[in-house]
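A quick note: this is a predicted structure, and the numbers were derived from the prediction, not measured. The sequence lines fix the lettering, A, B, ..., with proteins before strands; numbering per chain opens at 1.
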2 protein chains.
Amino acid sequence: MNDVAAAAGVALKTVSRVVNNEPGVNPATAERVQAAIDRLGYRRNDSARTLRRGRTASIGLVIEDVADPFYSGLSRAVEDVALRNDHFVFTGSSGEDPARERDLVLAFCARQVDGLIIVPAGTDHGYLAPEFDAGLKAVFADRPPGAGCRADTVLSDNAGGSRTGVAHLIAHGHRRIGFLADSPAIFTAVERLRGYREALAAAGLPYDESLVAMGPPDQERVRAVVERLLALPDPPTALFTGNGRTTVATLRVLDAISARCSAYHCSACRCSNDRCSNDHGSVRHGAERHGGTGRHGQGRLAGLALVGFDDFELADLLGITIVAQDPSRLGLTAAEMLFRRLSGHAGPGLRLELPTRLIERGSGETVP
Amino acid sequence: MNDVAAAAGVALKTVSRVVNNEPGVNPATAERVQAAIDRLGYRRNDSARTLRRGRTASIGLVIEDVADPFYSGLSRAVEDVALRNDHFVFTGSSGEDPARERDLVLAFCARQVDGLIIVPAGTDHGYLAPEFDAGLKAVFADRPPGAGCRADTVLSDNAGGSRTGVAHLIAHGHRRIGFLADSPAIFTAVERLRGYREALAAAGLPYDESLVAMGPPDQERVRAVVERLLALPDPPTALFTGNGRTTVATLRVLDAISARCSAYHCSACRCSNDRCSNDHGSVRHGAERHGGTGRHGQGRLAGLALVGFDDFELADLLGITIVAQDPSRLGLTAAEMLFRRLSGHAGPGLRLELPTRLIERGSGETVP
DNA sequence: GACGATGGTGACAACGTTGTCAAGCACTCG
DNA sequence: CGAGTGCTTGACAACGTTGTCACCATCGTC
């Protein structure tokens, strides 16, 4: 900027005015300055600007994993809102590690982000107190902050969505419904379990702990869980899967089981064959309709009904009934709440719950 | 920092030394300072630090869309490498708009990012020249920079992968192969078209322009394209789709066509029925094997063979043969190249090409 | 006992911007 | 002609760090 000022024969401050489109500069001078700027390829140093003004025009976003479609949808929405507000976004993935969440958050604070959107991995946010005192604004998304933290929060209606999904299976005659979800350390998983229990209770069905399995959605764990469930003396006739990754992993397992067993007592055409070489205990045979209009998934679910929490790509094609939450709406809402705070809005911390939506595609509408 | 210094009864500089773990501080003093830091909840202001040191310890990442699984995988890899190198990542989505790409890049530069990883939307990167002069390091990923820009570049072997995929279809007896890809403004699409043509040429097959359709992968456009192809007097018996989104959109279209037509001349069991009420011209009927071990997709492709560029979630389950590139390897490689430059590595701009891999899953192995 | 080496500490300038305030100028009005 | 007004411009300090350099003890050595 110094060089530009010298080149244009004006003072530093005048260049600053031109760069910032401040009023009160003679058009002729402005043009001269602009010419010097272009000639020298000058670009404002936003670090210095930030230091001087105290605002960085950037926000931090801490999520679990950008590579997860749920969070990448959320990210995109946050980014869009931020850009509309002339802010940039630092993104960091915590990988469900509370320590990493904390490190990321504090690092973003040291970078003087104006605000934060956090999908918390941990449950203690005491470390944020000094930051809040220093004027930091934060919004929690998808999961609430730990006790004692009164920040704005945007959640999905996890319990309600889960209740609806499970009630849907019950309405189709299912009495034994397996429940697979993420680890009980995760808020959403616990809420969805609550919804599951509420739906059972509302229908007067017992809660059977042997039908419930919670843990990380990795393929091998899910495989073991599904096989355990199907080997029960009184196995489930339907599954409710508590997040997108678990649903997908479950689909793979059920598909493999279906493929191992080529015997079908087909309910549509009444044909049957006994080429089944699979020692699969009491697994019911699939109800694939030969040449019918059923969707892909239905013939490949080892005879089980399935409803999942979270929509995912190709769920439509596979005919998987799901309870949809809207990740981009979650991100959008969180970002808008944050920018409202940043523009001076005071008032107590809000807690919003976004509705979910049951989308029927076939896999949840089969009878036991 | 001033307050901390006052509270600990030391000079500013000593606090600075403690904060930065610089040697030469009396342990007792350091402890006193640390206590003051903790008591006051002090956190270093990285804006000032940046201003003083000239390095921001952050990099910028410009991609097409974080919400696209391809780019979110790439992002995650970049983020991981950055974190390992104690850097943070600004991410911005260009949405294939060259102007937005430019704005993002320049905004990141104004923020003094140490380096950039760019998936370019545009083909003119002259605007970067002053930044390069000022010492900016940049790596281009997935697509090369515009002419005249000698920056490091990491690409997938687009033409080669496409050639392999198409040759695979040819090897299975296909002579009329439709080619669907992204807009010809996009480097990868053009390269993949080149691979398609090379595979045809190598097999002595003619290049028929009416079998080629390029444009954005939105569902309605793809639907129209597929329907046009199938209505040709001599329709294709196979399709090669040039990216993940196009593949998925194509699957939806073919599924809808298959569902509309419930007539199957089943090659596996020789049964046939004529309940087909669909006016689908010369569309071949699906080869679904009733109760066989085939994968989901094969019965739902309207009788067409299909190979797609890019792997995607559930492609395994659907039995879709694809040419896989590795987005996270792309991101990892780009980030490592960038950090090599940042740590002083000089030398001419490199251009790397990562290999692709054909994964056979059924949809690409059916005969015409 | 004088000297240099060593370890610990602090004063000060500088990084590149912007907010504050004041000054210069041309013009108008009484 | 002088005061008042509005427009344009510039000098200067400050933002919170860190690099440079200098200072002062303390210690060991000749």
Handout entry: Modelled atom types, side-chain donor and acceptor of A:H125 and A:E131, under 3.5 Å
Key = no
Exercise for the section: Taking only heavy atoms on the protein side, list every residue of residues 33-46 of chain A lying under 4.0 Å from any atom of DNA chain D, sorted numerically. Expected result: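 Residues of residues 33-46 of chain A that come under 4.0 Å of DNA chain D do not exist, since none gets that close.
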If I take atom [atom1] in residue [X] and atom [atom2] in nucleotide [N], what distance separates them, rounded to the nearest angstrom?
X	N	atom1	atom2	value
A:N2	C:dT17	CG	P	8 Å
A:E22	C:dT20	CD	C1'	12 Å
A:R111	D:dG16	CZ	C1'	15 Å

Problem - For B:F339, ring pair (Phe, Tyr, Trp, His ring centres under 6.0 Å) partners two or more places apart - result: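 Ring pair (Phe, Tyr, Trp, His ring centres under 6.0 Å) list for B:F339, sorted by chain: B:H87.
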Nearest 0.5 Å, please: how far is [atom2] in [Y] from [atom1] in [X]?
X	Y	atom1	atom2	value
B:Y42	B:I37	OH	CD1	7.0 Å
B:L338	B:L116	CG	CG	8.0 Å
A:E64	A:R100	CD	CZ	10.5 Å
A:T50	A:N45	OG1	CG	8.5 Å

Handout entry: Residues that B:I186 engages under side-chain contact (heavy atoms from CB on, under 4.5 Å), provided they are two or more places apart
Key = B:E96, B:R143, B:D182, B:T188, B:A189
Exercise for the section: Determine the contact category for A:N20: base if any of its heavy atoms lies under 4.0 Å from a base atom, sugar-phosphate if only primed atoms, P, OP1 or OP2 are that close, otherwise nothing. Expected result: sugar-phosphate
Exercise for the section: Check the angle between the aromatic planes of A:F90 and B:F88 and answer parallel, tilted or perpendicular using the 30° and 60° thresholds. Expected result: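 Rings of A:F90 and B:F88: perpendicular, over 60°.
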Handout entry: Validation row: B:R49, B:R52 side chains within 4.5 angstrom (heavy atoms)
Key = no
Problem - Under 4.0 angstrom between B:R49 side-chain N/O and D:dT18 OP1 or OP2 - result: yes
Problem - Side-chain N or O of B:S16 closer than 4.0 Å to phosphate OP1/OP2 of D:dT18 - result: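 Result: yes.
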Exercise for the section: Give me the bend of the helix from C:dG1-D:dC30 to C:dG30-D:dC1, using the axes of the five pairs at each end, rounded to 10°. Expected result: 60°
Practice task
Show your reasoning for whether side chain to side chain donor-acceptor pair (under 3.5 Å) applies to A:E79 and B:S93.
Solution key: CA-CA 8 Å; A:E79 197 192 289; B:S93 300; 3.0 Å; yes
Practice task
Using the test salt bridge (charged side-chain N to carboxylate O under 4.0 Å, His left out), find all partners of B:D152 that sit at least two apart in sequence or belong to another chain.
Solution key: B:R341
Practice task
Using a 4.0 Å cut-off on protein heavy atoms (strictly under), produce a 5'-to-3' string for nucleotides 6-14 of chain D with B for base contact, S for backbone-only sugar-phosphate contact, and - for none.
Solution key: --SBBB-BB
